[in-house]
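Heads up: the structure comes next, in structure tokens.
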Amino acid sequence: MNVSLFNTMSRSIEPFEPISNSFVRMYCCGPTVYNFAHIGNLRTYIFEDILRRTLDYSGYEVKHVMNITDVGHLTGDNDDGEDKMLKTSQETGRDVYEIARFYTDAFFSDTDELHILRPSIACKATEHIDVMIALIQRLEKLGHTYFAGGNVYFSIDTFSDYGRLARLNLDELQSGARIDIDPNKRNPKDFVLWFTKSKFENQAMLWDSPWGVGYPGWHIECSAMSMHYLGESFDIHCGGIDHIGVHHTNEIAQSEAATGKTWVNYWIHGEFLVNDTGKMSKSKGEFLTLQLLKEQGFDPMDYRYFCIGGHYRSQLQFSWEALQAAANGRKNLFEKIASLMKQASYAHNLSDQAKQYIEQFETFLGNDLNAPRGLAVLWSMLRDKTLSDSEKLACAFQMDRILGFNLAEIKPIVDEVSIPQNILELVSQRTEAKRNKNYKRADELRAIVEEAGYQIKDTPGETIVSRRCNQN
RNA sequence: GGUGCCGUACCCAAGUGGUAAGGGACAGGUCUGCAAAACCUCUAUGCACCGGUUCGAAUCCGGUCGGCACCUCCA
């Protein structure tokens with residue numbers, strides 16, 4: 001299977017060719033663990049998971065590295081920003097490391113529930129301060145830095161290619177249009193590599209460095225850790241679309257200034273989840289979490305299905321109505337698979353027709369991860385009358401290696417054991433009434449059962465009771 | 001102020017020159033004592049609007065209106 005990906009650097013879809021033949025080195029920007037991930041954040045990790053699985057499926061061995069940003073970052077280069085880790089710490093009275101651990105665990109709990117494969121390496125910023133310092137020293141030796149006002153800055157004017165990823169026009173860019181410019185900077189786009197000044201007393205996260213006690217700047221961790229684990233040049237770097245202009249632009253500058261080599265070959269960015277008020281943002285205060293979706297009766301797979309229904313480079317419009325539509329679709333899919341599992345065995349040899357569906361699926365996914373089309377192929381395949389049930393199952397399981405619903409784990413039989421005894425009693429009374437053709441009584445009993453939240457289905461053989469709700 | 005993206009049915013959404021994928025919802029049908037489920041069928045002569053290029057445009061070009069994002073930590 002061939003894979004092509006939209007590379008932000010070239011703004012075009014390029015055939016994917018890793019540096020090493022069958023080995024892919026991929027770095028994904030991870031979470032800042034001062035709060036829960038919201039569903040917009042999670043959308044990006046789902047897209048990255050589809051990418052990861054597509055590469056796995058295509059036969060590549062993928063080394064997937066993700067950072068955990070457990071260092072607090074200021075909201076600006078000036079000293080008037082706020083450190084979010086510290087802020088959360090002060091608000092809750094908990095130790096910053098404890099907070100980081102808590103939200104890291106929460107993050108992986110969410111991603112596990114969404115069937116997002118864990119990275120090969122998840123590296124914490126606080127455990128790689130020495131690697132960051134070494135990189136800053138390297139930049140310093142090469143003359144890319146200056147020291148001013150207590151901070152070490154990267155000088156973008158020493159790096160000729162600055163802004164290529166974002167296609168920044170430095171002459172026309174109005175830095176400081178929305179924020180005051182740090183007076184220590186020689187160029188408004190310069191950024192801090194190492195802070196030694198902080199207005200915060202009780203700054204909990206401080207490390208010794210050649211420039212004094214302090215903490216690293218925002219961008220250095222990704223450069224330092226990615227090169228530490230993946231080498232000075234690697235294949236893929238992904239993240240949210242918001243990172244193009246600043247974070248990734250600065251990462252490229254400091255990485256390539258240090259090594260003199262192309263750092264990353266493919267830049268892949270995921271678009272935002274938006275709702276009627278615009279993008280979801282932690283700083284806006286209120287935001288939706290996976291936990292909240294679950295409390296509303298949704299299954300994590302409903303959200304995965306919802307995300308897969310849209311292309312990763314398009315904004316996705318969230319609404320409860322849209323999520324409910326996805327939940328219905330996902331439930332129908334799972335029930336379809338469950339019924340196939342009940343009747344069919346797993347086919348090992350696929351017919352030509354079945355193979356065609358697989359090929360279509362692979363073509364779509366290989367073409368810049370067109371997962372919505374992949375999902376459409378899955379549905380067409382399931383509704384194709386010329387395929388046997390066992391072939392359908394085999395096809396679905398194969399596609400699921402990328403879609404990641406874990407279809408093989410669906411339980412073929414609805415949870416009859418969890419139906420309370422009194423409900424089962426009512427159902428058997430109704431069956432008895434039906435046998436006596438007392439339909440009035442039977443309908444009354446059904447109404448009672450439905451009132452209690454259960455659903456009755458009469459099949460030719462037996463009467464099936466199941467929970468009546470929008471979750472599986 | 002600068003830059004980029006988008007506007008497709010009731011909802012979500014795919015589709016970048018060859019005659020509108022898919023899912024959900026709705027409606028009809030088969031089945032059923034009736035339901036439910038399942039299965040089948042149906043839903044945009046039209047893709048924000050106006051003009052242009054072309055044999056042919058949702059797709060390319062120009063303009064208008066509307067929405068979103070980035071330029072501040074944020075996926």
Side-chain angles (χ1 to χ4, degrees), chain A residues 11 28-32 34-35 37-48 69 72-78 81-84 166-169 171-180 188-189 218 238-247 249 269-274 276-284 287 305-306 308-311 313-333 335-336 339 364 370-380 383 385 434 437-440 442-443 446-447 450 455-460 463-464 466 468:
Chain A
R11 307 287 155 103
C28 299
C29 281
T32 304
Y34 66 93
N35 204 335
H38 59 61
I39 59 173
N41 300 127
L42 294 170
R43 181 190 182 198
T44 298
Y45 298 105
I46 289 172
F47 126 66
E48 289 165 351
T69 302
H73 286 314
L74 301 178
T75 54
D77 281 347
N78 297 330
E82 56 184 5
D83 178 322
K84 290 186 208 170
R167 306 197 169 179
L168 299 180
N169 185 336
D171 299 331
E172 291 177 11
L173 206 79
Q174 291 189 1
S175 281
R178 294 166 67 191
I179 193 167
D180 292 337
K189 297 296 285 179
W218 320 332
C238 33
I241 194 170
D242 57 318
H243 280 152
I244 295 169
V246 177
H247 186 51
T249 290
H269 293 97
E271 251 292 0
F272 278 132
L273 179 79
V274 297
D276 48 11
T277 65
K279 76 165 179 174
M280 224 162 267
S281 170
K282 287 183 185 176
S283 50
K284 274 189 195 167
F287 57 86
Y305 188 100
F306 173 71
I308 286 176
H311 192 263
R313 283 196 292 118
S314 298
Q315 288 183 351
L316 183 59
Q317 191 70 34
F318 178 85
S319 66
W320 290 105
E321 187 189 6
L323 182 63
Q324 185 60 56
N328 292 343
R330 191 234 98 214
K331 190 167 173 249
N332 289 340
L333 172 66
E335 285 179 357
K336 178 77 187 171
S339 77
F364 282 127
N370 197 332
R373 270 301 178 121
L375 199 53
V377 173
L378 173 62
W379 274 110
S380 306
R383 292 192 164 151
K385 286 176 223 159
K434 270 186 65 184
K437 297 205 190 297
N438 184 353
Y439 296 121
K440 188 163 179 284
D443 289 347
R446 180 172 57 206
E450 287 181 348
Q455 188 176 58
I456 288 179
K457 298 178 198 171
D458 291 332
T459 67
T463 297
I464 295 169
S466 59
R468 197 178 56 161

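Order of the sequence lines fixes the chain letters, A, B, ..., with proteins taken first and strands second; residue numbering starts at 1 for each chain.
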With rounding to whole Å, what would you report as the distance between [N] and [M] at their [atom1] atoms?
N	M	atom1	result
A57(B)	G18(B)	P	11 Å
C68(B)	U54(B)	P	37 Å
U41(B)	G22(B)	P	11 Å
A44(B)	A21(B)	C1'	14 Å
C47(B)	A9(B)	P	10 Å
C42(B)	G33(B)	P	28 Å
G17(B)	G52(B)	C1'	15 Å
C60(B)	G15(B)	C1'	16 Å

Checking base pairs now: Watson-Crick or wobble, both atom distances under 3.5 Å. What partners [N]?
N	answer
U64(B)	A48(B)
C31(B)	none
G1(B)	C71(B)
C26(B)	none
C42(B)	none
U59(B)	none

Can you find a pair of side-chain heavy atoms, one from [X] and one from [Y], that are under 4.5 Å apart?
X	Y	value
Phe287(A)	Asn41(A)	no
Asp458(A)	Lys434(A)	yes
Cys28(A)	Tyr45(A)	no
Arg43(A)	Glu271(A)	yes

- State whether the side chain of Asn328(A) and the backbone N or O of Ala325(A) hold a donor-acceptor pair below 3.5 Å, judged by distance alone. no
- Message: Taking donor-acceptor contacts at under 3.5 Å, does the side chain of Asp458(A) reach the base of C34(B)?
- Response: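 Flag set: donor-acceptor pair detected.
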- Could you tell me whether the phosphate oxygens of C39(B), OP1 or OP2, come under 4.0 Å of any side-chain nitrogen or oxygen in Lys336(A)? yes
Protein-nucleotide distance ([X], atom [atom1]; [N], atom [atom2]), rounded to Å:
X	N	atom1	atom2	value
Glu335(A)	G23(B)	CD	P	16 Å
Lys457(A)	C39(B)	NZ	C1'	14 Å
Arg330(A)	G23(B)	CZ	P	16 Å
Arg11(A)	C5(B)	CZ	P	8 Å
His269(A)	C74(B)	NE2	P	12 Å
Arg313(A)	C70(B)	CZ	P	18 Å
Leu323(A)	C12(B)	CG	P	13 Å
Asp242(A)	C71(B)	CG	C1'	12 Å

Nearest 0.5 Å please: distance from the [atom1] atom of [X] over to the [atom2] atom of [Y].
X	Y	atom1	atom2	answer
Lys336(A)	Lys331(A)	NZ	NZ	15.5 Å
Ile308(A)	Asn370(A)	CD1	CG	12.0 Å
Tyr305(A)	Arg330(A)	OH	CZ	10.0 Å
Phe47(A)	His269(A)	CZ	NE2	8.0 Å
Phe272(A)	Thr44(A)	CZ	OG1	7.0 Å
His243(A)	Cys238(A)	NE2	SG	12.0 Å

Looking for any heavy atom pair under 4.0 Å, which part of the strands does [X] touch: base, sugar-phosphate only, or nothing?
X	result
Ala376(A)	base
Arg446(A)	base
Val377(A)	nothing
His243(A)	sugar-phosphate
Gly270(A)	nothing

Just the atom pairs and distances: protein N or O near nucleotides 13-17 of chain B's N or O, under 3.5 Å.
residue : atom : partner   : partner atom : Å
A13(B)  : OP1  : Gln317(A) : N            : 2.9
A13(B)  : O2'  : Gly309(A) : O            : 3.1
A14(B)  : OP1  : His311(A) : N            : 2.9
A14(B)  : OP1  : Ser314(A) : OG           : 3.4
A14(B)  : O3'  : Asn370(A) : ND2          : 3.4
A14(B)  : O2'  : Arg373(A) : NE           : 3.0
A14(B)  : N3   : Arg373(A) : NH2          : 3.4
G15(B)  : OP1  : Asn370(A) : ND2          : 3.2

- Over all heavy atoms of both residues, which pair between Phe306(A) and Leu273(A) is shortest? Give the atoms and the distance, please. CE2-CD1, 3.9 Å
- 5′-ward residue of the pair Glu271(A)/Phe306(A) relative to RNA chain B: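 Whichever sits nearer the 5' end wins; that is Phe306(A).
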- Toward the 5' end of RNA chain B, which comes first, Leu375(A) or Ile456(A), by nearest nucleotide?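 Residue closer to the 5' terminus by nearest nucleotide: Leu375(A).
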- Side chain of Asp443(A) (C-beta onward), nearest among C70(B), C12(B), G33(B): G33(B)
Show each protein N/O and nucleotides 25-30 of chain B N/O combination with a separation under 3.5 Å, one pair to a line.
none

